[in-house]
Each structure stands twice: as C-alpha cells, then as structure tokens.
K.L.:
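Encoded as structure tokens, here's the structure I'll be asking about.
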There are 2 protein chains.
Amino acid sequence: MPTQTEENYLKAIFKLSGNEKELVSTNAIAEELETKASSVSDMVKKLSEKNLINYVKYQGVSLTNEGRDLAVHIIRKHRLWEVFLVNRLNFKWDEVHDIAEQLEHIRSSELVNKLDAFLCYPNYDPHGDPIPNAKGEFPKTTAIPLSEVQSKSKVKVVAVELDEPGFLNYLDKLNISIGTQVEILEVNDFDDSIDIKIDDVQRHISVEVAENILISVL
Amino acid sequence: MPTQTEENYLKAIFKLSGNEKELVSTNAIAEELETKASSVSDMVKKLSEKNLINYVKYQGVSLTNEGRDLAVHIIRKHRLWEVFLVNRLNFKWDEVHDIAEQLEHIRSSELVNKLDAFLCYPNYDPHGDPIPNAKGEFPKTTAIPLSEVQSKSKVKVVAVELDEPGFLNYLDKLNISIGTQVEILEVNDFDDSIDIKIDDVQRHISVEVAENILISVL
DNA sequence: TATAATTTTTAGACATGTCTAAATTAATAT
DNA sequence: ATATTAATTTAGACATGTCTAAAAATTATA
Ligand SMILES: [Mn+2]
Ligand SMILES: [Mn+2]
Ligand SMILES: [Mn+2]
Ligand SMILES: [Mn+2]
C-alpha cells in the first residue's frame, strides 16, 4: 500500500508524463508538488525500489504499469468525488478541488465503486476531465486547447485544464462553463489573444486563458 | 490544526472519559488506540502544550473545552459519513466503520454541513449513536444497556455500543437491528444471560452481547 | 510502614518525509 | 575541448510518531 505522499508523487508523475509517456524530471516533480528537488530524489528512489516507477539516475522517471494503474485509480477517485461534491452537495466547480485532494486518498475499492454507481457512472468530472472506469480505462476525448483554434469557427467548451479557483472564477465571470458555445471572431497574431462571442456578447481572452480551455469544433 | 493522529487521541479520550468526564489513564488510551503507553505519554504532553487536554503527570488526562469540541466534531463527521454510506451508498451497517474512520479526518466544515443537509440532518447514525449538530450539541437519548433490564418487559433496540463487524453480523443473525422490538422473558442469575423473544422466535443471548445493545423500555 | 506490584514516564533508537548545503553529473557556451 | 551553468544527487539535520528497555512514581499488599 503506498502512503498518501507516495500517491501524490505517482499522480504528479502521471500528470507530467503526458500522453506520450515522456520521462519526467526531478525538477518538474518538485515544482508540481511544491517541494524541493532533493526530497524528490529521495522519494523517487523509494518508488523505484517498490517497482512503481522506472528510474535511472540523472535521466528522469516513468511509471511502471503498476504505478500507472495506481495513479489512474487515484485520479478516478478524485474526479468521482468532485462529481459528488458538485452534483449532490451543490458545491460550485471552483470549490471542490482541494476537498477532492483529500478524498482521493480514502482507501476502499468498495466505496469507489458504490460511489460510481450512485453517481450513475459519470464519464466526466465538473471540469470536463475524463473519469477512468473501474478497469482504469479513460473515455475517449478529442478535445483541443482553444488556443489552437483557427479563426472564424464555432466551438463548444468541453473541459478546463486548471482546477484553481482563481481561474474558474474568472471563467464564471466570462460566462464560460462546460458546454458553453463560443464563436471565434479573431485571433490576434501579436499576443495570440482571441476575440470571442458568447450569447451575442463579445469578449476578449488572453492566450493564457485560451490554453486552459479545451474545446471541440462544432 | 491537529494532525490525524492527534484527532484520534482526542476521540479516544472523549470516548473513555464518559458522561461524568472522569480522568483518563495513559494505559486506557494505549489500549483504545492499540499503541504503547510510552507513545501515549509523549502525545499527551504535546496535546497538553496545545491546550487540548488537561494533564498532570501520573494523574491522567481530561479534555479542555477546545479539545472536547474538536473530538465532538470528529465524531459528528464519523457518524454523518456512516449515514451516507448506509443510506445512500447501500453499505451494510457492519461495513462502514473502517471507512468512516478515514472519512472523519477530511477537513472542510463546508463539506460536513452540506453533507448534513444532504442527509436531511439525521439525529442518529446506522448504529443508533447520536449525531452532534453543527454546534456540537448531541440529541438527547435515554437509552440503557439491555443487560440492565428487569425481567418480563418489552423493549425496543435504539443503538449498539460496538461497531465491530463480528458483533454486528451476529446481531443480523439474531434478527436484531435498530428499532427491533424485544420481549425479555427471563434473566438468568447464574451468568446474566437473557432469554428473549423476537417476532415470536425465542432466543438466548449472553451478557456480553446484552451489554452492547442499548434499548428503551416500551 | 516497608515491600512488592503496577502504572507511568524518560532515554535512546528507528522510520518517514522534509530541508539546506555541498558534491557530482550533465548540458551549454565559448 | 574546456569552462561555465544548470540539474541532480548525497550528506547531514530536523520534525513527527512510534517502539523497547530502564527509571521513577504510584498503588496495593503484607
Ligand atoms: Mn481537481
Ligand atoms: Mn477536476
Ligand atoms: Mn463507527
Ligand atoms: Mn456508528
């Protein structure tokens, strides 16, 4: 059984290794977990001894199948609890991440699966992130960042890449939520900012915001 | 903020000090938490420095108002989660204690209160134990152990004193649950065992079982 | 009241996870 | 290729919570 700390390391490595399963650097993990590189070095050694990651000194780390599976199941719990908090307890989408960070470490496979059933097997969490099933399989998604969209198209917001309250509050202010239809009016070459229209209201968003909004083209 | 370990100590001390707020001994705490007396000595010193307990060396400990309040709120969370697990997720009453031991340490007063509302402000948990409200006040109960009942009376089970699966399973086998009506037929002086009748079926229970069943006389 | 038994505390050690500072290795620039 | 810079690891320390073994205080017994 990994400790809570170990689980957080596995989750961070999963997040940082992306779809192409790149090697993850010590520094990247340290930044993600807001800890020091020396602490990461220590932990990485331990996870490697437990066969949860592959680790070659100075080369970075990658998850083993077992490590990946653990990480995915923690993410599953995190996202299911977020659904519970928003859909059943009426939390707002910007209030649930920190609570889910705690709940994701509760150990009971019975509990996860019953929670999943209670929530009617949701495929996406309140931020549009895919929820792996009990086998650890993610529902397929084809979303791309809003920052990569060509000019003059109509798109639909399907997910956000950040769970931070500051960002989510800002989206609320812009009237952007999961499912919102957005018309791209113009991409400004100078700073990659975008002019958009939502419900006939024209708005302007920076590239930093656009990068963290995932959409599908309509 | 107390750590999870500190919370468990406070909860143990609350449980052991009973209604009359007796002083709790080091050994009693050690036994309750399945740890060693020397560890308790260390922790008790720390909790005392944080003003969560009153501690005089060799004399035992008692909770301060602040310590009591913390303990009560952990118990509140424990019991609310147990209600959630049984009433919403369809767990059986003998399956929820260990999961609630984990969930009780989740930190978010918003969460507790929303959960309370979601569950419609229950007064008792699945084992009949009273659930303190947000102010830390317990609903009044006048239950007494079945072992203290006089012969030839009709009583109703209102709570159980043990959360252990073994005990709860045994009660299931006896067809005893919260609300069950029991007729006391005879108390056997020799071993304090009791002959009872439930739904016209006669049964025999030991004093160990009777001590852990709380009833109110009808 | 003196002695024995029990309870509690202290001393010293260990495991986990963190840190700073120093050493080592790898990457970059001249 | 060598020097500089950056990334990573190691060494040594600290905090938390645990343990065993020994010392001290309390309680029970004679
Ligand atoms: Mn989240
Ligand atoms: Mn999310
Ligand atoms: Mn319980
Ligand atoms: Mn209970």
Side-chain angles (χ1 to χ4, degrees), chain A residues 1-18 22-63 67 70-71 74 101-102 104-107, chain B residues 1-18 22-63 67 70-71 74 101-102 104-107:
Chain A
M1 311 268 129
T3 65
Q4 243 174 258
T5 311
E6 288 171 345
E7 289 186 344
N8 284 333
Y9 272 86
L10 292 175
K11 198 165 51 115
I13 295 165
F14 179 86
K15 180 173 175 183
L16 293 168
S17 54
E22 309 130 41
L23 284 184
V24 178
S25 76
T26 302
N27 264 357
I29 299 170
E31 195 180 345
E32 174 72 23
L33 294 176
E34 296 180 87
T35 183
K36 302 288 160 158
S38 55
S39 307
V40 176
S41 270
D42 288 341
M43 180 57 84
V44 135
K45 219 171 296 168
K46 197 168 40 149
L47 292 174
S48 172
E49 273 156 26
K50 291 190 175 188
N51 287 311
L52 299 173
I53 62 176
N54 308 115
Y55 170 50
V56 183
K57 263 190 201 174
Y58 293 102
Q59 305 291 288
V61 304
S62 64
L63 293 170
L70 278 169
I74 296 157
E101 286 288 306
Q102 299 180 60
E104 72 188 5
H105 299 292
I106 303 293
R107 261 166 232 288
Chain B
M1 310 270 130
T3 65
Q4 243 174 259
T5 312
E6 288 171 346
E7 289 185 343
N8 285 333
Y9 273 86
L10 293 175
K11 199 165 49 114
I13 295 165
F14 180 86
K15 181 174 174 183
L16 293 168
S17 54
E22 308 131 42
L23 285 183
V24 178
S25 76
T26 302
N27 264 357
I29 299 169
E31 195 179 347
E32 174 72 23
L33 295 176
E34 294 180 88
T35 183
K36 301 289 159 156
S38 56
S39 308
V40 175
S41 269
D42 288 341
M43 179 57 83
V44 134
K45 219 172 294 169
K46 195 166 45 147
L47 292 174
S48 172
E49 271 155 28
K50 292 191 175 187
N51 287 311
L52 297 173
I53 63 176
N54 308 113
Y55 170 50
V56 182
K57 262 191 203 173
Y58 294 100
Q59 304 291 282
V61 304
S62 62
L63 293 170
L70 278 168
I74 296 157
E101 285 289 305
Q102 300 180 60
E104 72 188 5
H105 299 292
I106 302 293
R107 260 165 235 288

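So you know, we letter chains A, B, ... as the sequences are listed, proteins then strands, and number each from 1.
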K.L.:
What is the distance, rounded to the nearest whole Å, between atom CD of E31(A) and atom P of dA7(D)?
P.N.:
11 Å
K.L.:
Could you tell me whether the phosphate oxygens of dT10(D), OP1 or OP2, come under 4.0 Å of any side-chain nitrogen or oxygen in K57(A)?
P.N.:
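Yes, within the criterion.
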K.L.:
What's S39(A) touching, base or sugar-phosphate or nothing? Going by heavy atoms closer than 4.0 Å.
P.N.:
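The answer is base, as S39(A) lies within the cut-off (heavy atoms under 4.0 Å) of a base atom.
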K.L.:
Please examine the side chains of Y55(B) and L47(B), heavy atoms only from C-beta on, and report whether any two atoms are closer than 4.5 Å.
P.N.:
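Answer no - side chains too far apart.
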K.L.:
To the nearest angstrom, how far is K36(B) atom NZ from dA21(D) atom P?
P.N.:
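Rounded to the whole Å, the gap is 10 Å.
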K.L.:
Calculate the interatomic distance between I29(A) atom CD1 and dT9(D) atom P; express it in whole Å.
P.N.:
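Going from I29(A) (CD1) to dT9(D) (P), I get 9 Å.
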K.L.:
Would you mind telling me which residue lines up with the more 5' stretch of DNA chain C, V40(B) or E6(A), judged by nearest nucleotide?
P.N.:
V40(B)
K.L.:
In whole angstroms, how far is the C1' atom of dT25(C) from the CD atom of Q59(A)?
P.N.:
10 Å
K.L.:
Starting at atom CG of L23(B), determine the distance to atom C1' of dT7(C), rounded to an integer number of angstrom.
P.N.:
15 Å
K.L.:
Measure the shortest side-chain to side-chain distance between V24(B) and I53(B) over non-hydrogen atoms and say whether it is less than 4.5 angstrom.
P.N.:
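No - every pair of side-chain heavy atoms lies 4.5 Å or more apart.
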K.L.:
Indicate whether OP1 or OP2 belonging to dT18(C) is found under 4.0 Å from a side-chain N or O atom of S38(A).
P.N.:
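Negative; the distance criterion is not met.
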K.L.:
Are Y58(B) and dT6(C) close enough that a side-chain N or O sits under 4.0 Å from OP1 or OP2?
P.N.:
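Result: no.
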K.L.:
Side chain of M43(B) only, please: which of dT18(D), dT18(C), dT20(C) is the nearest?
P.N.:
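Selected nucleotide (nearest to the side chain): dT18(D).
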K.L.:
Mind calculating the distance between CE (M1(A)) and P (dT16(C)) to the nearest angstrom?
P.N.:
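After rounding, the gap between these two atoms is 16 Å.
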K.L.:
Are E31(B) and K36(B) ion-paired here, with the side-chain N under 4.0 Å from a carboxylate O?
P.N.:
no
K.L.:
How long is the line joining CD of E34(A) and P of dC19(C), in whole Å?
P.N.:
11 Å
K.L.:
Are any of K45(B)'s side-chain N or O atoms less than 4.0 Å away from OP1 or OP2 of dT10(C)?
P.N.:
yes
K.L.:
Does N27(A) make a side-chain N or O approach to OP1 or OP2 of dT8(D) shorter than 4.0 Å?
P.N.:
yes
K.L.:
Is the distance from OP1 or OP2 of dT16(D) to the nearest side-chain N or O of Y9(B) less than 4.0 Å?
P.N.:
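For dT16(D), neither OP1 nor OP2 has a side-chain N or O of Y9(B) closer than 4.0 Å.
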K.L.:
Determine the contact category for S41(B): base if any of its heavy atoms lies under 4.0 Å from a base atom, sugar-phosphate if only primed atoms, P, OP1 or OP2 are that close, otherwise nothing.
P.N.:
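Since a base atom lies under 4.0 Å of S41(B), the category is base.
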K.L.:
Is it true that E7(B) and R107(B) have a side-chain N and a carboxylate O under 4.0 angstrom from each other?
P.N.:
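Result for this pair is yes, salt bridge flagged.
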K.L.:
Under 4.0 Å between a side-chain nitrogen and a carboxylate oxygen: does that hold for E6(B) and K11(B)?
P.N.:
no
K.L.:
What is the separation between atom CG on D42(A) and atom C1' on dA11(D), rounded to the nearest whole Å?
P.N.:
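Checked: the CG to C1' distance equals 10 Å.
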